[in-house]
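The block underneath contains the structure these notes are about, expressed in structure tokens.
In what follows, chains carry the letters A, B, and so on, assigned in the order in which the sequence lines appear, proteins first and then strands, with residues in each chain numbered from 1. Because the structure is predicted, anything quoted here is derived from the model rather than measured.
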There are 2 protein chains.
Amino acid sequence: MARKKKTWLTILGLLSWKPMSGYDIKKYIEIGLSHFWSESYGQLFPALNGLVDQGLATRRQAVSAGKRKKNIYTITPLGRSQFIAWLGGPIEQLSVRNEALLKFFLASKLSTSQSIHIIEQYRDQQRSLHALYLESELIYRRALENDELPEELASLIEWHKTPTQRDAKSNRQQLEVFYLTLRHGVLHVEARLAWCDEALSRLNGMSTRKEHGK
Amino acid sequence: MARKKKTWLTILGLLSWKPMSGYDIKKYIEIGLSHFWSESYGQLFPALNGLVDQGLATRRQAVSAGKRKKNIYTITPLGRSQFIAWLGGPIEQLSVRNEALLKFFLASKLSTSQSIHIIEQYRDQQRSLHALYLESELIYRRALENDELPEELASLIEWHKTPTQRDAKSNRQQLEVFYLTLRHGVLHVEARLAWCDEALSRLNGMSTRKEHGK
DNA sequence: TATTAATATATCTAACTGATATATAGAAGC
DNA sequence: GCTTCTATATATCAGTTAGATATATTAATA
């Protein structure tokens with residue numbers, strides 16, 4: 001009954017930017033979208049076949065010097081119109097699966113030290129993530145200030161070096177969307193770290209009772 | 001190769017609290033875990049059959065007055081030990097699927113007004129959620145202050161009315177875990193709302209150029 | 001008396017994840 | 001010159017999950 005096909009629409013959205021191979025698409029998603037979305041190979045290639053079958057994209061072979069041949073997919077007008085239609089539609093509620101919280105919840109009848117251990121693992125995970133995100137954030141911020149392309153995005157963004165009024169705006173817009181979606185990730189990680197602090201201090205408050213509650 | 005079975009472990013975790021029917025489990029997850037976890041009927045009942053087959057839980061029929069008969073599942077020692085083993089293991093990275101962010105990212109080469117519209121939808125969704133969460137938060141906070149059971153949890157928590165030292169602690173602990181996991185949700189919703197403000201102000205800054213950047 | 005809501009269990013298709021298989025090309029190490 | 005490692009590139013499968021829907025029964029409402 002064609003219930004979702006989010007993978008299809010995600011691919012169409014990326015192809016609406018520029019033609020890409022399956023591998024390109026996977027890398028694009030990993031670098032640009034991993035803070036809030038993911039797609040697996042298991043979905044990607046069947047979806048590409050489906051898109052071609054349904055006339056939403058076309059496939060052609062390309063052999064660039066020194067590389068092995070690859071399939072380049074290009075969006076069709078039909079594909080573009082389906083992408084636009086989806087964009088305009090309602091937005092589905094986001095879904096999360098947070099195993100740390102699940103364990104914390106389910107472990108609550110066991111020892112407090114078990115609960116604390118779970119939160120500490122969670123906090124450590126999020127701290128490493130935070131360090132990574134802040135590094136990227138700095139790079140983007142500098143790039144936006146100096147109108148320069150960070151190397152990591154060199155393969156993803158078509159950067160106009162001749163800064164006409166129009167090109168400069170396009171450059172800025174592309175950087176901006178990477179920056180803003182990363183900021184979304186940063187704010188979430190910080191929320192999680194704040195929660196860990198809050199939870200740890202409450203749990204400590206519970207084990208050492210009669211303390212004045214923070 | 002039995003790669004995951006998170007549904008199985010979630011069910012075992014809940015059964016480690018008390019025996020329940022499939023329907024009870026579903027409701028428990030919806031009320032208590034929905035901020036960070038979900039399970040569907042499609043997994044739940046086959047999983048319950050699997051648990052019984054593998055000797056991790058037992059099933060018995062119960063007919064309470066005026067209600068239709070139901071199957072009550074009880075965890076076995078084997079089930080409990082598998083649950084404990086999983087709790088002690090490493091915690092998987094959390095996964096998110098945020099369609100709002102996906103659309104925002106993919107729409108970035110279209111008009112700014114399209115992007116703004118997507119963020120506004122997202123913000124409105126999160127605002128309603130925020131209102132709901134704050135209501136619950138207030139209820140829990142009051143419950144914790146007055147050592148009282150909020151009605152919504154009456155079916156989920158076994159509340160000891162005779163407040164021996166030990167029972168009072170159990171009461172508090174159970175409230176605390178509901179409160180803290182809700183707080184996790186609240187902090188996340190607030191992070192999303194903060195992001196919407198940040199994103200909207202940056203997008204407005206871009207469309208009305210020459211403004212002094214905030 | 002009819003309809004709706006809540007309780008309770010079950011099933012199916014479509015979608016998705018993660019692991020793994022396969023192959024080519026360039027780089028690194030020895 | 002040979003092996004090994006990494007990056008590029010595509011593909012597939014088994015296990016897992018989501019979401020819709022079917023089906024009864026009892027209680028509440030109109």
Side-chain angles (χ1 to χ4, degrees), chain A residues 1-11 19-31 33-34 37-52 54 59-73 92-99 102 152 155-156, chain B residues 1-11 19-31 33-34 37-52 54 59-73 90 92-97 99 102 152 155-156:
Chain A
M1 215 187 261
R3 274 199 278 267
K4 289 299 190 40
K5 307 244 161 145
K6 291 296 162 61
T7 307
W8 288 39
L9 291 159
T10 304
I11 295 172
M20 285 191 260
S21 72
Y23 190 71
D24 293 337
I25 291 169
K26 186 69 166 82
K27 286 196 62 185
Y28 214 111
I29 292 172
E30 266 162 20
I31 298 177
L33 285 71
S34 59
W37 200 261
S38 65
E39 294 292 347
S40 62
Y41 280 120
Q43 273 300 100
L44 189 53
F45 287 95
L48 284 168
N49 290 331
L51 289 174
V52 172
Q54 306 279 309
R59 172 172 26 218
R60 74 186 148 82
Q61 279 214 344
V63 255
S64 38
K67 298 272 177 74
R68 57 172 292 195
K69 69 183 177 206
K70 56 173 157 179
N71 299 316
I72 303 289
Y73 296 86
E92 213 168 77
Q93 283 293 334
L94 57 87
S95 74
V96 199
R97 292 204 116 197
N98 188 326
E99 193 177 303
L102 179 65
E152 318 134 86
S155 61
L156 307 181
Chain B
M1 214 186 259
R3 273 200 278 268
K4 292 294 192 42
K5 307 244 162 145
K6 292 296 161 61
T7 306
W8 287 39
L9 291 158
T10 304
I11 295 172
M20 286 191 257
S21 72
Y23 190 71
D24 293 337
I25 290 170
K26 186 71 169 80
K27 285 194 63 185
Y28 215 110
I29 292 172
E30 266 161 20
I31 297 177
L33 285 71
S34 60
W37 201 261
S38 65
E39 294 292 346
S40 63
Y41 280 120
Q43 270 303 100
L44 190 53
F45 288 95
L48 284 169
N49 291 332
L51 289 174
V52 173
Q54 306 280 308
R59 171 173 26 217
R60 73 185 148 82
Q61 279 214 344
V63 255
S64 38
K67 297 272 176 77
R68 56 173 292 194
K69 69 182 175 210
K70 54 172 158 179
N71 298 316
I72 303 289
Y73 296 86
E92 212 169 79
Q93 283 294 334
L94 57 86
S95 74
V96 198
R97 292 205 117 196
E99 192 176 304
L102 179 64
E152 317 134 86
S155 60
L156 307 182

[X] side chain N/O closer than 4.0 Å to the phosphate oxygens (OP1, OP2) of [N]?
X	N	result
K5(B)	dG15(D)	no
Q43(B)	dT16(D)	no
T7(B)	dT16(D)	no
S21(B)	dT9(C)	yes
Y23(A)	dT8(D)	yes
S38(A)	dT17(C)	yes
R97(A)	dT16(D)	no
K69(B)	dT25(D)	no

For the pair made of [atom1] in [X] and [atom2] in [N], what is the distance, rounded to whole Å?
X	N	atom1	atom2	result
E99(A)	dT16(D)	CD	P	14 Å
N71(B)	dT7(C)	CG	P	17 Å
I29(A)	dC16(C)	CD1	P	12 Å
E30(B)	dT7(C)	CD	C1'	13 Å
K70(B)	dT7(C)	NZ	P	10 Å
D24(A)	dA9(D)	CG	P	6 Å
L51(B)	dT9(C)	CG	P	14 Å
K6(A)	dT17(D)	NZ	P	19 Å

Report task. Evaluate the side-chain proximity of I72(B) to Q61(B): yes if any heavy-atom separation is below 4.5 Å, no if none is. Result ->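 Side-chain contact under 4.5 Å: no.
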Requested in this report: For residues N71(A) and S21(A), determine if any side-chain heavy atom of one lies less than 4.5 Å from a side-chain heavy atom of the other.
Outcome: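 No; the side chains remain at least 4.5 Å from each other.
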**Report entry** salt bridge (charged side-chain N to carboxylate O under 4.0 Å, His left out) partners of E92(A), counting only residues at least two apart
**Finding:**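 If we apply the salt bridge (charged side-chain N to carboxylate O under 4.0 Å, His left out) test to E92(A), skipping adjacent residues, the hits are K4(A), K6(A).
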Requested in this report: Establish, for the pair K70(A) and Y23(A), whether the NZ or CZ atom is under 6.0 angstrom from the six-membered ring centre and no further than 45 degrees off its axis.
Outcome: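 Because its charged atom misses either the 6.0 Å distance or the 45° angle limit, K70(A) does not stack over Y23(A).
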Report task. Determine the contact category for G22(A): base if any of its heavy atoms lies under 4.0 Å from a base atom, sugar-phosphate if only primed atoms, P, OP1 or OP2 are that close, otherwise nothing. Result ->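 Sugar-phosphate contact only.
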Report task. Just call it for K26(A): base, sugar-phosphate, or nothing, with non-hydrogen atoms closer than 4.0 Å on any strand. Result ->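 Nothing: the residue K26(A), judged by heavy atoms under 4.0 Å, touches no strand.
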Query raised in the report: So which one's nearest nucleotide on DNA chain C is more toward 5', F45(B) or E39(A)?
Result: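 Upstream on the strand: F45(B).
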Query raised in the report: Checking Y28(B) side chain against L156(B) main chain: does a donor-acceptor pair fall under 3.5 Å?
Result: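 Looks like yes, one N/O pair under 3.5 Å.
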Requested in this report: Not counting sequence neighbours, which residues clear side chain to side chain donor-acceptor pair (under 3.5 Å) with R97(A)? List them please.
Outcome: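 For R97(A) the side chain to side chain donor-acceptor pair (under 3.5 Å) partners, ignoring immediate neighbours, are E39(B).
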Query raised in the report: Bend angle of the helix from dT1(C)-dA30(D) to dC30(C)-dG1(D) from five-pair axes at both ends, rounded to 10°?
Result: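 End-to-end axis angle: 30°.
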